[in-house]
Amino acid sequence: MISFNLSNPTSIAFGKGAIASLSELVPARTRVMLVYGGGSIKRNGVYEQVMRALAACSVIEFGGIEVNPHYETIQKAAALAKVEKAELILAVGGGSVVDAAKFLASVAAVEETDPWDAFLKGEYPASPLPVGVVLTLPATGSESNPVSVITSVTRHLKLPFSYEKARPRFAILDSDTMASLDRRQLSNGVVDAFTHVLEQYATVKDNTPIQQGFSETLLKVLLAWGPVLLEDNSDEARENVLWAANQALNGLIGAGVRQDWSTHMIGHAITELHGLDHARTLSLVMASVFRSRIAAKQDMLAQCAREVWDFGAGSDEEAARFAIDRIEAFFMAMGAPVSLADIAPTEIAVDAIVDHIARAGQLPLGEGRDIGAEEVRAILNAIPATPPMQAA
Ligand code: NZQ
Ligand code: ZN
């Protein structure tokens, strides 16, 4: 096991009606900056619940955070937070709003109005503003992790930033907020969480049986409940996916584990260039990454086939290939793209994607740091033109 420090101080309030607990989590008279996205919270009753619970606070609103949030918008929000002397940033929304709020908390705590390069070097403020979250879309795990994935429009880059002090103080997870999510967002959430588990699990077989076993449970839960969520968006399905998505990327299953975020880094570049939803880039790329790295990942993929899918007799290589086919079939069952024919337009700019990853300073990728520019190019060129014929 790799040595690790693990501390996840985010206090989680999980359950129906939990938004009301904001009145206890946020002291009276706090100057709260409420950050939200394109307006879903004003249509589904979440905004009213938040405002009711914050009745004793003064609330400054900042709406209009984009999907795949823009740094340039966050700079505007930070300017307002400074003028208004905000004391707490409250994110109400999905991963984009949460990521923006966490980044904003640091941008608002420095004098510099353009700290992108400083943050890239790890020069964050010692005391970013505290952040709280009311999550409305389970997917990213952002509500209790230190990461913000931010797009700079002027730099043509979509990058992950990680700062431990950016972890939210609290996160409210009320499955009722998921009632207004459409099928595509529900699918995106399940697929994103599923890939988060796999990028921490499908690497090399180390002495990490606890992390592996928990990861296998998360995969099984998402496999079982993801399709039910799409089918009926039931209470049970919402609760299980909400909790699984949180656990998939809160640091626990990744502690002490060698990780491979290739699918995500390639996916971020595809989103920046083509505007494809985050989760849909992942389903497009993941099987190709795994097939290209099957030799290195064979042990864990074979274990996945046996533990998660009860693969019967067969070699490790057959089991590993079976697991990749099952992963692909799951994406298809969730309505997520696995081939170029599934996206529009039906092509991707391979050279520009490789260039994005290179400019982001992310090469080489992979748990063995052996996925360079040429390997990324080969992975992208191996994405099939049409979906494979297979049953879910
Ligand atoms: O903007 P609003 O109007 O709120 O609408 C959003 C948006 O259009 C809507 N939505 C959210 N909750 C809703 C709802 N619509 C109806 N009812 C609700 N309850 O859903 C749309 C997508 O929202 P978004 O926040 O973009 O989705 P998601 O949670 O999938 O977040 C994606 C972002 O997170 C980043 C991605 O790269 C992407 O930028 N990630 C962040 C990570 C992290 N911080 O650890 C890790 C991930 O791998 C990922 O990279
Ligand atoms: Zn993701």
Side-chain angles (χ1 to χ4, degrees), residues 10 19 34-47 49-50 62-71 73-74 91-103 131 133-152 157-163 166-168 171-200 233 238 241-242 245-246 248-251 254 259 261-272 275-283 285-286 336:
T10 306
I19 295 175
L34 191 168
V35 179
Y36 64 96
S40 69
I41 65 161
K42 296 209 167 170
R43 293 186 292 273
N44 62 10
V46 171
Y47 174 81
Q49 291 182 64
V50 169
F62 189 94
I65 299 293
E66 308 83 2
V67 168
N68 308 304
H70 294 175
Y71 173 63
T73 304
I74 293 168
V92 186
S96 293
V97 169
V98 180
D99 282 8
K102 286 154 67 180
F103 205 69
V131 174
V133 174
V134 176
L135 187 71
T136 64
L137 198 178
T140 61
S142 182
E143 66 276 10
S144 61
N145 75 32
V147 177
S148 286
V149 183
I150 306 296
T151 298
S152 170
L157 278 173
K158 179 175 182 180
L159 290 186
F161 292 79
S162 185
Y163 182 35
R167 279 194 208 253
I172 295 178
L173 276 56
D174 178 346
S175 57
D176 278 348
T177 63
M178 296 166 65
S180 52
L181 285 166
D182 63 22
R183 210 179 149 81
R184 180 171 172 135
Q185 297 305 343
L186 291 171
S187 159
N188 281 352
V190 172
V191 166
D192 193 22
F194 195 74
T195 63
H196 292 160
V197 180
L198 285 170
E199 297 220 80
Q200 297 164 91
N233 197 352
R238 282 182 205 156
V241 169
L242 181 58
N246 175 271
L249 199 53
N250 72 347
Q259 307 178 7
W261 290 95
S262 306
T263 297
H264 264 73
M265 296 312 117
I266 297 171
H268 289 161
I270 294 176
T271 297
E272 198 279 321
L276 204 59
D277 295 2
H278 172 61
R280 295 170 75 81
T281 66
L282 308 173
S283 62
V285 166
M286 180 163 258

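Every number for a ligand or one of its atoms is a count from 1 in the order of the listing.
- Between the side chain of Thr10 and the main chain of Pro168, a donor-acceptor pair closer than 3.5 Å is present.
- Under a 3.5 Å cut-off, the side chain of Thr140 and the backbone N or O of Ser142 do form a donor-acceptor pair.
- Not one N or O on the side chain of Ser96 forms a donor-acceptor pair closer than 3.5 Å with the backbone of Val67.
- At the shortest separation from atom 41 (C) of ligand 1 among protein heavy atoms lies Asp99 OD2, 3.0 Å.
- Residue contacts with ligand 1 include Asn145, since one or more of its heavy atoms lies under 4.0 Å from the ligand.
- Annotation for Asn250 and Arg167: closest pair O-NH1, 3.4 Å, computed over non-hydrogen atoms.
- Residue, atom and distance of the protein heavy atom nearest to atom 38 (C) of ligand 1 are Asn68 OD1, 3.4 Å.
- When distances from the Zn ion (ligand 2) to the N, O or S atoms of Asp192 are compared, OD1 comes out shortest.
- If you number the atoms of ligand 1 from 1 as listed, the ones under 4.0 Å from a heavy atom of Val149 come out as 37 (O), 40 (N), 41 (C), 42 (C), 50 (O).
- Although no hydrogens or angles enter the test, the distance criterion places no donor-acceptor pair under 3.5 Å between the side chain of Asp192 and the main chain of Ala279.
- Neither the backbone nor the side chain of Ile41 comes within contact range of ligand 1; no heavy atom lies under 4.0 Å.
- In terms of protein heavy-atom proximity, atom 23 (O) of ligand 1 is closest to Leu137 CD1, 3.5 Å.
- Here the protein heavy atom with the shortest distance to atom 30 (O) of ligand 1 is Ala139 CB, 3.9 Å.
- Residue contacts with ligand 1: Arg43 is placed with no nitrogen or oxygen under 3.5 Å of a nitrogen or oxygen of the ligand (distance criterion only).
- Counting only distance, with no hydrogens or angles, the side chain of Glu143 and the backbone of Ile172 share no donor-acceptor pair below 3.5 Å.
- Distance from atom 33 (C) of ligand 1 to its nearest protein heavy atom, with residue and atom name: Ser96 OG, 3.5 Å.
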- Item | Trace of the side-chain contact (heavy atoms from CB on, under 4.5 Å) decision for Val92 with Leu34 | CA-CA 7 Å; Val92 186; Leu34 191 168; 4.0 Å; yes
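- If you look at Met178 next to ligand 1, there are no close heavy atoms at all, none under 4.0 Å.
- Of all protein heavy atoms, the one closest to atom 49 (C) of ligand 1 is His278 NE2, 3.2 Å.
- Within ligand 1, the atoms closer than 4.0 Å to a non-hydrogen atom of Asn44 are 17 (N), 18 (C), 19 (N), numbered from 1 in the order shown.
- Annotation: side chain of Pro138 is not in contact with side chain of Asn246 (no heavy-atom distance under 4.5 Å).
- Across Leu249, Asp277, Val92, Leu181, heavy-atom proximity to atom 18 (C) of ligand 1 is greatest for Leu181.
- Between the Glu199 side chain and the His264 main chain, a donor and an acceptor come within less than 3.5 Å of each other.
- In terms of protein heavy-atom proximity, atom 11 (C) of ligand 1 is nearest to Thr136 OG1, 3.6 Å.
- For the side-chain contact (heavy atoms from CB on, under 4.5 Å) test with Val98, the passing option among Thr136, Val133, Leu137 is Val133; the others fail.
- Of the listed options Gly38, Ser40, Pro138, Gly45, Gly38 places a heavy atom closest to atom 1 (O) of ligand 1.
- Heavy atoms of Lys158 come nearer than 4.0 angstrom to ligand 1 in at least one pair.
- Proximity of Asp192 to ligand 1, defined as any heavy-atom pair under 4.0 Å, is confined to the side chain (atoms from C-beta onward).
- The side-chain contact (heavy atoms from CB on, under 4.5 Å) test with Arg238 singles out one residue from Asp176, Leu181, Asp174, Leu186, and that residue is Asp176.
- Nearest N, O or S atom of His196 to the Zn ion (ligand 2): atom NE2.
- In this view, Arg184 and Asp277 satisfy the salt bridge (charged side-chain N to carboxylate O under 4.0 Å, His left out) rule, not counting sequence neighbours.
- Counting heavy atoms from C-beta outward, Lys158 and Ser152 have side chains that stay 4.5 Å or more apart.
- Between Val149 and Leu159 the shortest side-chain heavy-atom distance does not fall below 4.5 Å.
- For the pair Pro69 and ligand 1, a heavy-atom separation below 4.0 Å is found.
- Both the backbone and the side chain of Thr140 come within 4.0 Å of ligand 1, judged by heavy-atom distances.
- Remark: ligand 1 atoms within the under-4.0 Å shell around heavy atoms of Gly37 are 1 (O).
- The protein non-hydrogen atom at the shortest distance from atom 17 (N) of ligand 1 is Ser180 OG, 2.7 Å.
- Under the 3.5 Å distance criterion, the side-chain polar atoms of Arg280 are left unmatched by any main-chain donor or acceptor of Asn188.
- Near Ser142, meaning under 4.0 Å from any of its heavy atoms, are these atoms of ligand 1: 43 (C), 44 (N).
- Shown in contact with Gly95 at under 4.0 Å from a heavy atom are these atoms of ligand 1, numbered in order with element: 25 (O), 28 (P), 29 (O), 31 (O), 34 (O).
- On a distance-only criterion, Val67 and ligand 1 share no N/O pair closer than 3.5 Å.
- Residue-ligand proximity: Gly141 is placed with every non-hydrogen atom at 4.0 Å or more from ligand 1.
- Judged by distance alone, the side chain of Thr271 and the main-chain N or O of Leu276 form a donor-acceptor pair under 3.5 Å.
- The nearest N/O/S atom of His264 to the Zn ion (ligand 2) is NE2.
- Taking the side chain as every heavy atom from C-beta outward, Thr281 and Ile266 never approach each other to under 4.5 Å.
- Protein non-hydrogen atoms do not reach within 4.0 Å of atom 6 (C) of ligand 1.
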